[in-house]
Every structure is written in structure tokens, then in C-alpha cells.
Amino acid sequence: MADYSLETSWRPVEGSFGRLTFTLHNLSAEPLSGFSLAYTSETRVADKHVCDGASLKRQVAHFHEFLPSEQLTVPPGGRWRFTVEGLSREPKHVTAGVKSAYLTLADGRHLPVDFGDLMLEGRDGGVSPPLLPPGKADEPYALLPWPLALGLKAGDLPATLYPAERTRPDAIEALSQVLSLYQRLYPVEDAPFSLRAVEGGRRIRFVAESSIAAFAYELRFTAHEIVLSSADEAGRRYGLISLAQLLHGARADGERFKFPNFGTIADQPRYDWRGCHLDVSRQFYPVADILRLIDILAWNKLNIFHWHLTDDEAWRLEIKAYPALTEIGARRGPDEVLVPQLGDGAETRAGHYTQDDIRRIVAHAASLGVEVVPEIDIPGHSTATLLSLPELADGQEAPDSYRAVQGYPNNALNPAVEFTYEFLGKVFDEIVALFPSEYLHIGGDEVAEGAWLSSPLCQALMKREKLAGTAELQSYFLKRIKAMLSERGRKLAGWNEVSHGGGIDPDGTLLMAWEKPAVGIELAQQGYDVVMTPGQAYYLDMAQAEAWAEPGAAWAGYSPPEHSYTYEAEGELPEALQEKMRGIQACIWTENFISRAYFNRLVFPRLPAVAEAAWTPSGRKDWDRFAAIVRMWPML
Ligand code: ACM
């Protein structure tokens, strides 16, 4: 427990986004004086605000530092209170308040401050409904995602499953990999497979069957053996995962779930892009967490891990040509170049992935059929990059001449600075050596309106190239980036704003439609390949109900697990554009995830819900069945 504690409450006020009240309690035995209070909060104080009892000394996006408005001494057991009206938006949930806090004393020391959820005053916060019903499985089989076709009869539970005699080594290796996956996810459960024949077990016979589609598999069950047929490694792996799931369910909840001893499963995925994104900039996740998340993706038959490695808040990928990116850009703290954000308190927090880490993670994912698609978010969302390598900026650009929606000033790489391209060329060289993926994701989202217009270099570029404004400058920049990726044999993936200002050549370009579902259809009409990542359904940081007590973000509304599950991202996509629709993806933005508990509370069960929506045809989705099965599924 810290010696100081900060309580924050919010009260609605007619005609504004309401008023925050902060109360700092001095729990120490010493009087407190000559200090400032810093905290991080996504409910930012607006430029125009009224503050009673304090003054805002400094603000950088979510970082705020306040000074008491007069010489103040808070005695032991005493408190200091101040209020602020004039906020960037209206808070909707308990998590919209303080995410970290600390004091800075006159001698420069930083002291930790405890804090709690944002309390609501003056109105009723509503009640959270249950997020998951008890569930009901008409067919007693624990398969998630649910297969395309299935006709089974339940039988006795085999002790284990093992490869038939004369199984080829590559099939034994595949079985052994799924066995290891299971043991990592469920370390205390009985193993579903054995590598040798076991009394009371059932044998699996592997058949290579070229008439089966790519990624598809068939399972035929009898009382004495199981035949697993597939044309490729991926199909075989999915079949093995299904067997492990069936056995897991029958053991974990034998009342509801059985193992089949007769019949068939014929299965293949609905979409070939079944993704999950993770933002490791706002919060850092150590290698072990990334490996486990990839295990969870594989268990849910997701096949793309979209790794959001850079953002305003940090650059997390070791680049040998520019060590400053991680030496400066992956550290946040009171005395660092990057100030504390989103959960950072009195102590510096740092974290990045070395190139050895990356190789290990990419290899682990590949062994489970998961492709890692790295994202370097450019040209916007680049505060950490620009603070690490100040020579990337146009030195003549007016400071704070534009601000991103998250509040960061001048946070976009400058398309008129030639070093931008030299820098990115070297970064791409190292990235392509690390990541074998077909696509590199370059972000392209949320460049602020008016960005670069105060840069003399951009003004000259606009004149020379006849570019009308920010969006056309961005299009100029992204065309060059696409060419740089093509030179390196890679395709460009980005967020939907890549199409702005004239966009780029749609051929071989994949865009993620996040802003609203209709955007995805427009992009497909323009010729882009599309992955649907609508914030309203697949952003797993959104709160899951309207109630104040429900944690999470609110800018895209709220998204109960049932909504993420039943949502059909294709919307009114015309038949002729079907081939442009590559798939769907969950996105894990981590501003709100200041603890493992919050991560698991928001990501599950919505991640498996999106996984089933990505695999299972809409007509075969069943929310009650999903609810019955998903409670047995792993979390981080
Ligand atoms: C995004 O949510 N800015 C892609």
C-alpha cells in the first residue's frame, strides 16, 4: 500500500462533459507540501477547462500533472481536493478515470499513489446483465469453432487417443505438437493423446486425401478407430485440435459433453483470414504472454496474429539500425523522454522484443499454423518514434500545430522529410528478415486533420506534387511505402484510412475496415481486399454492457459477447464482391488493460466468439451452444 491514495469521482453537468473531483489522502505520518500530482486518464482535461483548487501544469495526451493552487500542506490523515470541468469526452464506465498516479516532490523524488475506479455521483449507473447464459448444447460435443457438418453418435469415453501402427513420423510429430499445445493450455488435465498404443485408448489413422480442400479435414469415428483425413498439414492440425477439444469437453463436463464412437465430422473454415490483433504499445506483454496468446489462437483455430508493435505510446521492436527506438521509445516514466501513460506510475516501465524474441515467437506461431503479421503504425501514431529520432521531424514545423484524436501533438512521420523513407527502408529491411508473412501492416489510421500543414517542407511538397491537403499528402506517402514493400516482396496491409486522399493501388492491398461496417463494402468496391474489424463488434476493449460498473472503452458503444458472436460482418456485401472479403479479425487495444484481470474480463469469451464467427457459417452459429462450451476454454 502506498502512503497516498487518490479517489476520483465524476458528476454529470448539464451542457458539458461533466465534472471530475479528485481527493488525495495523505496516509503517511508526515505532512505533505511542495508537490505536484500526476495521473494518467483517458478522460482528458480539455484545453478549455475550469479547475478549482489546482492548476494544470502539464499534459501530454493521457498524462496530466496538477499543482495545488496555493501553498498547501496536507497534514497526516488530511486530504486535498480539487475539481475540473472541461473534459475531452464524457466518461461512461468505471475504467474511464485514473489508471495510475504519483506525486513529485520539490527534490525530484516520485512517490507512488494508490487509486481506484472512477466513482459515479448524481445518477444511477445501471446494472450489468449476465454476459454469458448457462448455455445449452443440443449436440453433446465440445467443438469450438463449430464444424461445417457433423453427424455423430455419442459413445464411451476413450482413455486416450494414439496413432495407429505404421503412422508416418510427420503425423506423429503433428499429434505431438497438438498434445504439447493442450498441455500448455491445460497443465493439470489428463493428456488427450499418447504417442504409443494404450489399453482402453482409441487409435487414430491418418489418411492423406487430396480430394479434400485446403485447410479442411474429415473425421470418421467408429468404436475401434478414428480416421482423420486431410489434404494438408493445416487440415490435419485442425482435425487433431477437434479431437483434443472433444475429449476435453467430455472429461471436463461429462454431463453435457460426450465423445463420439460413430459418425463423421466434415469441416473447413468459412474465411481464410481469421485474425486476432494485439496492441503491445500501450501495454507491454512479455514473450511468455505472447506465446500463450498464440496458443489460445491456435486452440480456437484462428490463423493470423496481427501484432501492433508501435504506437504513440511506445515502439516495441528491436531495430539494429536505430537502437534509440527501443532505448528511448520503449521506456515511459516520470524522468524519461516518454512520460507515463495508461497505467505507468512513479517507476519507469520499459519493455521491447529483441530480434531473438521475435524469431522465437514467429517460429512458435508457424508451428501452430498461425501467421504473424507485424504492424508498424505510420505515418500517424508515431510519437514514440519522433521522440526517439527527432531528426525525423521538419524542424521548421510549428510545435503543437495539430493533435491526434488521442491528444498527441504533431505525431505523424513527415512525408516531405527524405530521411523518413531512408529510416523506414532500413526498418522494413529488418522486418522482412524477421517476419515471413505475405503482408506487412503499416497502419495508416487516424492521421489528424490538418497534419503537416504547418510544415514548410510539406508546403513545398504540396506545391511541387499538386497535393491539396493532409489526406493527399498521406496518399503520396503511402504510395511510396507500398513501392518500398513491393521492392521487398511484400504486400501492404493497413487500416481503412489508407484509401483516403486518393488511396493507393488496390491491387495486392488489404485494408481493415474498423470505423463502421459500411466502410468495408466501399473498400471492396474500390478494389481493395478487405478484412472486417468493426469496432462496434470486434474491438475487445469496448465495454460489454452499458452499465457504469462494466469496464472498458465506450467510443464505439458497447458490445456484449452475444453481439460479437452473432454479428455478421459482411453486412450487405454484394455477391460480386465476396471474393474481396478475406475474413474477420478481433482487435485487442490495450489502453484499458492495466491488469491481467481486466484483460481476461474483456477478451474472453469474446475472442472465441469472433473465432467461431470466422470459421462457422452463419446458419450454424448457436449462441447457447457456444455459451455451454466456451466456459471450458482457456484464458491468458
Ligand atoms: C484504429 O482503431 N485506430 C485502427
Side-chain angles (χ1 to χ4, degrees), residues 42 44 61-62 88-89 273 275-283 304-315 341-342 373-385 402-408 411-413 439-449 451 470-471 474 478 481 492-501 503-504 509-520 522-523 528-543 552-559 564 567 569 582-593 602-603 606-607 610:
E42 284 190 280
R44 285 178 280 123
H62 316 298
S88 61
R89 63 174 140 184
W273 187 291
C276 174
H277 144 295
L278 179 69
D279 162 11
V280 296
S281 176
R282 277 61 178 261
Q283 310 294 339
I304 300 282
F305 175 50
H306 168 176
W307 201 359
H308 185 81
L309 286 159
T310 75
D311 212 301
D312 289 302
E313 286 82 357
W315 177 291
Q341 298 288 354
L342 301 168
V373 177
E375 178 183 352
I376 300 299
D377 198 351
I378 54 171
H381 287 281
S382 292
T383 300
T385 315
Y402 62 90
R403 274 194 214 167
V405 63
Q406 289 83 5
Y408 286 96
N411 72 334
L413 297 187
Y439 290 93
L440 293 193
H441 197 298
I442 53 73
D445 59 321
E446 296 185 314
V447 170
E449 225 175 274
T470 299
Q474 171 177 302
L478 290 172
I481 296 304
L492 184 148
W495 301 107
N496 56 235
E497 298 98 312
V498 167
S499 70
H500 290 183
I504 61 174
T509 299
L510 182 150
L511 299 187
M512 295 181 169
W514 68 275
E515 285 183 283
K516 56 181 188 292
V519 164
E522 283 165 31
L523 295 174
Y528 295 101
D529 282 342
V530 176
V531 167
M532 299 290 202
T533 64
Q536 299 77 7
Y538 296 163
Y539 270 26
L540 305 187
D541 57 324
M542 290 300 137
W555 61 262
Y558 59 92
S559 178
S564 301
Y567 189 77
R582 296 285 306 280
I584 65 173
Q585 181 172 291
C587 292
I588 307 176
W589 298 102
T590 53
E591 288 94 332
N592 277 286
F593 297 159
L602 278 102
V603 170
R606 290 188 296 185
L607 181 59
V610 179

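First listed ligand is number 1; within each ligand, the first listed atom is number 1.
Atoms CD1 and CG, from I378 and D311 in turn, are 12.5 Å apart once rounded to the nearest 0.5 Å.
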* **Full working for side-chain contact (heavy atoms from CB on, under 4.5 Å) between T470 and Y402** => CA-CA 11 Å; T470 299; Y402 62 90; over 6 Å; no
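The aromatic ring centres of W307 and H441 sit 6.0 Å or more apart.
Contact check for Q283 versus L342: side-chain heavy atoms found under the 4.5 Å cut-off. Y567 is not listed as a side-chain neighbour of I584, based on a closest heavy-atom distance of 4.5 Å or more.
Note on ring orientation: taking the six-membered ring where Trp is involved, the planes of Y539 and W589 are tilted (angle from 30° to 60°).
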Atom pairs, nitrogen or oxygen, ligand 1 to protein, under 3.5 angstrom:
from, atom 1, to, atom 2, distance (Å)
ligand 1, 2 (O), Y539, OH, 2.6
ligand 1, 3 (N), D445, OD2, 2.7
ligand 1, 3 (N), E446, OE1, 3.3

